[in-house]
Structure formats: C-alpha cells, structure tokens
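Order of the sequence lines fixes the chain letters, A, B, ..., with proteins taken first and strands second; residue numbering starts at 1 for each chain. Computed from a predicted model, the values in this text were never measured in an experiment.
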Amino acid sequence: MNAAVLVQSLVGHTALVLGVGLFVIAAIGLLRFGDAYSRLAATTKSGTLGVCLVLLGVLVLEPTWAHAVILLVAIALQLVTAPVGGFALGRAAFRSDAPMPAGTAYDELHEHVERERRSTEDGESRVPAGEQE
Amino acid sequence: MIVNPALLDALLVVLALTLLPAAWRGATGPTEADRAIGADHAFFVFVAVVALLALRTDRYEILDVVVVATLVGFLSAVTLARYISRSRR
C-alpha cells in the first residue's frame, strides 16, 4: 500500500466517522434538549453536515467520475434543501404554538402572528355579516 | 482494497442506533412538531445508510437513490410543516 492510497483511505474513513459522529450528536440532542426548537436545530444542523461528510467520504474512497457527479449533485441538493426544510418545520412549530424554552424573555413575533391570525379571522367573519345585510 | 469493511459495519450499526431516539421522539414527542423532527432525522439517517451500503456492498447503482432521497426528504419536510400548521400556513 503506497502513501497516496494510505492518505486516501485515512481521509475517506475520517470523513465517514465524523459524519456518523454528527448523527450521534443529533440523536443525543433529540433525546436531551427540552423544547422543539433546540431539537430542530440539533437535527437539521448535524443532519445536513453529517450527510455531506458521509457522501464526501464515499466519494474519496471510491473516486470515479460517475460517482463524483452523482455525489456532488446530492451534496449540493442536501446543502440547499435541508436548511430550507428545517426552517419550514421551525416556522410550522411556532405557528402551531409549540412551547418556547423556559428562559425566553421576549417573544415579539408571537404578537405579530396573533394579530395576523385575528385579522384573517375578522376577514372571514365579515363576509357572512355582509351577506346578512 | 482501501475500504475497511469492519469499520463500515460498525458505522452502519451506530447509524441504526441513532434511529432509536428518532423513533422515541416520534412516539412520545410532546408536540406534533417534535414528531416531524424525529421523522426528519430518520430521513437523514436513511440517506447516509444508503450511501454507506453502496460502499459496503460494492453496488454503486444505489447511489442514485441518494439523490432521489434528498429531494423526497425536502418534500416530506415541507409537507409535514404544512400539516403541522394546518390551514394557518
């Protein structure tokens, strides 16, 4: 085994182990964190980077052009879509009134969401009232 | 052969074990958002498992599954988000 192959093997396996380690961190965060937003942060951040590191490790260990195209496209898609999906989930959690962490002092967005919700309810109730007149 | 099969097996077992907290969070999560987050994590683990299995079994056709799974994972996250917030958007 010459030196280049040894370095390639070492780098590839290190990337795989780091990626799986991030998944373990995400799982611990999923178990230990106390509110939905922290759990979402743990899952999305380490999930995104973990998937990218695992795919990079596979690419380093098996470097052909066909695999490079597939894996780089997958990495790019993961880097673009996973944070957006996590943001959508966090927004949905806030809109469905998931409890905030215990130390939260200011929640200005909540008032805004409430006002928006009330105005849309008024808008819906105004239509039947107008029909009654 | 530069790939270490024993290490890959160990990594696959560890990935399978990280599915347990996701399943627990999906079963007992206090809010619906927690259940969706567990599903999201399970999908990330699925993508990584497919990539590792391609390396472990030398069948690189299933790397195509990784690309498709990334897109389906995004769609599932957005769909679950719409479901959680109901009609409120």
Side-chain angles (χ1 to χ4, degrees), chain A residues 1 5-6 8-9 12-13 16-17 19-21 23-24 26-31 36-37 39-40 42-44 46-48 50-51 54-55 57-58 61-62 64 66-67 70-71 73-75 77-78 80-82 84-99 113 117 120, chain B residues 1-4 7-8 10-12 14-15 17-22 24-25 29-34 36-45 47-52 54-55 58 60 63-71 73-86 88-89:
Chain A
M1 192 183 280
V5 174
L6 189 66
Q8 180 192 2
S9 175
H13 285 112
L16 289 183
V17 169
V20 173
F23 276 103
V24 173
I28 294 172
L30 212 52
L31 276 182
Y37 307 102
R39 290 181 203 123
L40 186 62
T43 306
T44 306
S46 43
T48 307
V51 167
V54 168
L55 295 182
V58 172
L61 287 175
E62 203 58 45
T64 66
H67 301 156
I70 294 175
L71 289 170
V73 166
I75 289 172
L77 280 177
Q78 187 71 26
V80 170
T81 59
V84 177
F87 173 75
L89 276 178
R91 186 175 181 275
F94 189 84
R95 301 256 160 169
S96 66
D97 296 327
V113 170
R117 205 177 283 169
T120 54
Chain B
M1 198 62 198
I2 61 169
V3 178
N4 185 351
L7 181 65
L8 287 189
L11 290 180
L12 282 169
V14 170
L15 277 181
L17 287 180
T18 64
L19 281 176
L20 288 177
W24 186 74
R25 193 48 75 188
T31 66
E32 283 176 334
D34 289 300
I37 292 162
D40 210 28
H41 182 251
F43 218 96
F44 286 145
V45 173
V47 174
V49 162
V50 169
L52 282 181
L55 198 60
D58 267 337
Y60 294 99
L63 281 182
D64 296 338
V65 177
V66 170
V67 180
V68 179
T70 327
L71 287 172
F74 172 61
L75 280 182
S76 78
V78 173
T79 312
L80 280 172
R82 283 299 293 272
Y83 168 69
I84 293 166
S85 56
R86 296 283 147 81
R88 287 182 223 139
R89 301 225 290 160

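- Here the side chains of A:Val58 and A:Leu16 are in contact, with some heavy-atom distance below 4.5 Å.
- Comparing B:Leu7, B:Leu11, B:Val45, B:Leu75 by heavy-atom pairs within less than 4.5 Å of chain A, the highest count is held by B:Leu11.
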Discussion item. Go through it in stages, so that I can follow the logic: the residues are A:Gln78 and A:Leu55, the test is side-chain contact (heavy atoms from CB on, under 4.5 Å), and I'd like the CA-CA distance, side-chain angles, deciding distance and then a yes or no.
Written reply: CA-CA 10 Å; A:Gln78 187 71 26; A:Leu55 295 182; 5.5 Å; no
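- Contact count versus chain B (heavy atoms, under 4.5 Å) is highest, among A:Val51, A:Ile28, A:Thr81, for A:Thr81.
- Residue with the most contacts toward chain A among B:Val66, B:Val47, B:Leu15: B:Leu15 (heavy-atom pairs, distance under 4.5 Å).
- In this structure, chain B has a heavy atom under 4.5 Å from the side chain of A:Val73, while its backbone stays farther away.
- For the set A:Thr48, A:Ile75, A:Val54, A:Val20, the count of heavy-atom pairs under 4.5 angstrom toward chain B peaks at A:Val20.
- For B:Leu8, the part lying under 4.5 angstrom from a heavy atom of chain A is the side chain only.
- The closest side-chain heavy-atom distance from B:Arg25 to B:Ile37 is not below 4.5 Å.
- When heavy atoms are compared at a cutoff of 4.5 Å, B:Thr31 approaches chain A solely by way of its side chain, counted from C-beta outward.
- Per-residue counts of heavy-atom pairs under 4.5 Å with chain B were compared for A:Ala82, A:Ser46, A:Gly47, A:Ala93; the largest is that of A:Gly47.
- No other option in A:Leu40, A:Val84, A:Val113, A:Val17 has as many heavy-atom pairs under 4.5 Å with chain B as A:Leu40.
- Ranked by non-hydrogen atom pairs under 4.5 Å with chain B, the options A:Gly50, A:Ala88, A:Ala36 are led by A:Ala36.
- With a threshold of 4.5 angstrom between heavy atoms, A:Leu71 approaches chain B through side-chain atoms but not through N, CA, C or O.
- No donor-acceptor distance shorter than 3.5 angstrom exists from the side chain of B:Tyr83 to the backbone of B:Val78, with no hydrogens or angles considered.
- The choice from B:Asp34, B:Leu20, B:Leu80, B:Asp40 that makes the most heavy-atom pairs within less than 4.5 Å of chain A is B:Asp34.
- Heavy-atom pairs under 4.5 Å with chain A were tallied for B:Ala10, B:Ala36, B:Ala51, B:Pro30; the largest tally goes to B:Ala51.
- For B:Ser85 (side chain) and A:Arg95 (main-chain N/O), no donor-acceptor pair under 3.5 Å exists by modelled atom type.
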Worksheet entry | Check against side-chain contact (heavy atoms from CB on, under 4.5 Å), B:Asp58 and B:Val3 | CA-CA 10 Å; B:Asp58 267 337; B:Val3 178; over 6 Å; no
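- Remark: A:Phe94 CZ is packed, more than 12 non-hydrogen atoms of other residues, nucleotides or ligands lying under 6.0 Å away.
- Interatomic distance, A:Leu31 CG to B:Trp24 CH2, rounded to the nearest 0.5 Å: 6.0 Å.
- Between the side chain of A:His67 and the main chain of B:Tyr60, no donor-acceptor pair closer than 3.5 Å is present.
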